[in-house]
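One structure below.
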Amino acid sequence: MEVYDDQYIMQMIKDEDVEFIRMQFTDIFGTLKNVAVTASQIDRALGNKCMFDGSSISGFSDVEESDMYLYPDKETFNIFPWRPQRGKVARMICDIYNPDGTPFAGSPRYILKKVLKEAADMGYEIYVGPELEFFLFQLDEDGMPTTKTNEEGGYFDLAPVDKGENARRDMVLTLEEMGYEIESTHHEMAPSQHEIDFKYDEAMHTADDIITFKLVVRSIANQHGLFASFMPKPVEGVQGSGMHISISMRGASGANLFCDEHDANGLSPLAYQFMAGVLHHASGMMAITNPLVNSYKRIVPGFEAPEYISWSPANRSTYIRIPAAHRDGRRLELRCPDPSANPYLVLAVTIAAGLEGIRQHMTPPAMVSGNLFNMSQEELKAAGIDTLPTTLSEAIAAMEKDPLVRDVLGEETYGKYLNAKKKEWEAYRRQVSQWEIDRYLNII
């Protein structure tokens, strides 16, 4: 296995004719940013001397505290296969530091690192496997994205019905060239909706991989004259896009600590406690896991997105599902998050909630055997099943009542995130939609 030290990276840059290195990071909402340096500046980049203005980044420092430094994680060095063969482009994902050499507390990557350190101190290593769904749409004559598609493909369809198959194939080949292990890829339920699943990994690696995955998918889609959208619900009346998160935990021996073959569901007491913590904080985390006004257009009856705080061994209408798996693959699948969310923050709050469940020996509610979508409100109430927030406004209110989310994000980031989401909701609330015009203009 290669050791990604300074010497190795500089040699790769020379051998592969790399001309530009993108120093990448995300803002608190998960938007990918970068500062590009030329190959001649690689010594400065590897020496943590690349500085940028943090006051220009959403959720970062104020103007009077704007200077920040990029510390590259050398293990994330990778060359973009889709860029020119001469003068290639590489990237490194970076941590963000203050001028005094301390980590910047508002960096999403640092927020996740803190939670993973907490897990490690308890003797646990967290593994995560994501499933990201996305749409491929046509561009207009000016090259701008639309929600138009000329296909009518459905679940597991193939070409010629699946007109995005060639683009998806090139995405997979590109991802594999970058070191991803792709487990499956297929057309999803809605027309022009797709899914590519890559192998689980340690939580930080997976968060990095999700950010890179979205960049690759958008870049290859653009080469095919298409636009890849990770918007949760871009088209009315069809399924929205989710980002299902499967979580498992290992100990010092490497064994899966969520597995117990003697349990009816194959889960260990540790897994039940972790699940209980996640379910306990499900509503409070939702402004993180489902961060947009549009996110809540996906979480409606009839489209397999969970509306209730519940769990089941197989039921896809629940917040947590226990997929069928052999011993090493036993895991919890969170079906609520969507791909618009910042993966670092999603994993940070989810893992923190699970660890709280372990520390406090929490017990999850009774599992659900029936289809929640077919249960009446009376039946749900009798079963003690609570409803998740149905709007961003409700999610904001739930977040304000949950001290765990505040503790994980830190006071400053928590305040900035919450303030931005409140502004987003207010801007949406003031809009007059076409639905309102069509519904009311002629009859009022």
Side-chain angles (χ1 to χ4, degrees), residues 30 128-135 147 154-156 186-197 210 214 229-247 275 278-279 281-323 331-343 346-347 349-350 353 365 367-377 379-380 383 385-396 398-399 428:
V128 177
E131 298 175 9
L132 280 84
E133 297 165 341
F134 58 94
F135 283 83
T147 56
Y155 210 34
F156 296 139
H186 60 86
H187 195 289
E188 259 294 338
M189 297 185 73
S192 203
Q193 187 184 34
H194 304 266
E195 179 174 314
I196 299 173
D197 301 331
I210 290 172
K214 293 169 76 171
S229 174
F230 290 92
M231 184 176 173
K233 188 80 168 186
V235 180
E236 182 183 350
V238 301
Q239 282 73 13
S241 292
M243 182 176 69
H244 301 163
I245 298 291
S246 290
I247 297 181
M275 185 198 320
V278 173
L279 291 174
H281 292 284
S283 292
M285 301 188 302
M286 209 161 170
I288 303 293
T289 61
N290 304 83
L292 306 182
V293 166
N294 180 257
S295 296
Y296 299 84
K297 307 297 178 71
R298 166 181 168 254
I299 305 171
V300 294
F303 297 102
E304 290 195 1
E307 298 175 73
Y308 306 101
I309 302 172
S310 54
W311 70 278
S312 169
N315 195 327
R316 294 177 184 272
S317 65
T318 56
Y319 185 94
I320 292 179
R321 186 174 75 96
I322 315 301
R331 61 198 185 275
L332 309 178
E333 181 190 68
L334 280 65
R335 297 182 57 78
C336 192
D338 70 52
S340 70
N342 184 330
V346 170
L347 295 186
V349 295
T350 301
M367 74 176 185
V368 174
S369 56
N371 188 336
L372 291 169
F373 300 136
N374 295 332
M375 295 175 69
S376 67
Q377 289 300 315
E379 290 173 321
L380 291 167
I385 299 172
D386 292 328
T387 303
L388 290 163
T390 60
T391 65
L392 180 60
S393 177
E394 291 181 12
I396 290 168
M399 181 173 165
Y428 170 72

### Task
Give the intermediate values and the outcome of side chain to side chain contact (heavy atoms under 4.5 Å, CB included) for residues Met275 and Ile322.
CA-CA 10 Å; Met275 185 198 320; Ile322 315 301; 4.1 Å; yes

- Message: One pair to check against side chain to side chain contact (heavy atoms under 4.5 Å, CB included): Val349 and His281. What are the steps and the verdict?
- Response: CA-CA 9 Å; Val349 295; His281 292 284; over 6 Å; no

Discussion item. The test is side chain to side chain contact (heavy atoms under 4.5 Å, CB included); show your working for Ile288 and Asn342 and say whether it passes.
Written reply: CA-CA 7 Å; Ile288 303 293; Asn342 184 330; over 6 Å; no

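Here Ile385 contributes atom CD1 and Glu307 contributes atom CD; the two are 12.0 Å apart, rounded to the nearest 0.5 Å. The CG atom of Leu347 sits 11.0 Å away from atom OG1 of Thr289, with the distance rounded to the nearest 0.5 Å. Of the inter-residue distances, the one linking Ser241 atom OG with Phe134 atom CZ reads 9.0 Å to the nearest 0.5 angstrom. In this structure, Leu334 CG and Ile247 CD1 are separated by 5.5 Å, a value rounded to the nearest 0.5 Å. Rounding to the nearest 0.5 Å gives a distance of 11.0 Å between NZ of Lys297 and CG of Leu392. Rounding to the nearest 0.5 Å places NE2 of His186 at 10.0 Å from CD1 of Ile196.
Contact of the Asp338 side chain with the Lys233 side chain is not registered, since no non-hydrogen atoms from C-beta on lie closer than 4.5 Å. Residues Pro365 and Ser310 fail the side-chain proximity criterion, which asks for heavy atoms closer than 4.5 Å. For the pair Glu333/Glu131, a side-chain contact is recorded, criterion being any heavy-atom separation below 4.5 Å from C-beta on. Residues Tyr319 and Val278 meet the side-chain proximity criterion, which asks for heavy atoms closer than 4.5 Å. The shortest distance between side-chain heavy atoms of Ser283 and Ile309 falls below 4.5 Å. A heavy-atom distance below 4.5 Å is found between the side chains of Ile299 and Met286. Proximity of Met367 to Thr318: side-chain heavy atoms (C-beta onward) are nowhere separated by under 4.5 Å. No side-chain heavy atom of His194 sits under 4.5 Å from any side-chain heavy atom of Glu188.
A donor-acceptor pair under 3.5 Å links the side-chain atoms of Gln193 to the main chain of Gly240, judged by distance alone. Side-chain atoms of Arg298 come within 3.5 Å of backbone N or O of Cys336 as a donor-acceptor pair. Between the side chain of Glu133 and the backbone N or O of Gly242, at least one donor-acceptor pair lies under 3.5 Å. Listed for the Ser312 side chain is a donor-acceptor partner under 3.5 Å among the backbone atoms of Val368. Lys214 contributes a side-chain N or O that, together with a main-chain N or O of Pro339, makes up a donor-acceptor pair within less than 3.5 Å. Between the Tyr296 side chain and the Asn290 main chain, a donor and an acceptor come within less than 3.5 Å of each other.
Looking at every heavy atom in both residues, Glu394 comes nearest to Thr390 through OE1-N, 2.8 Å.
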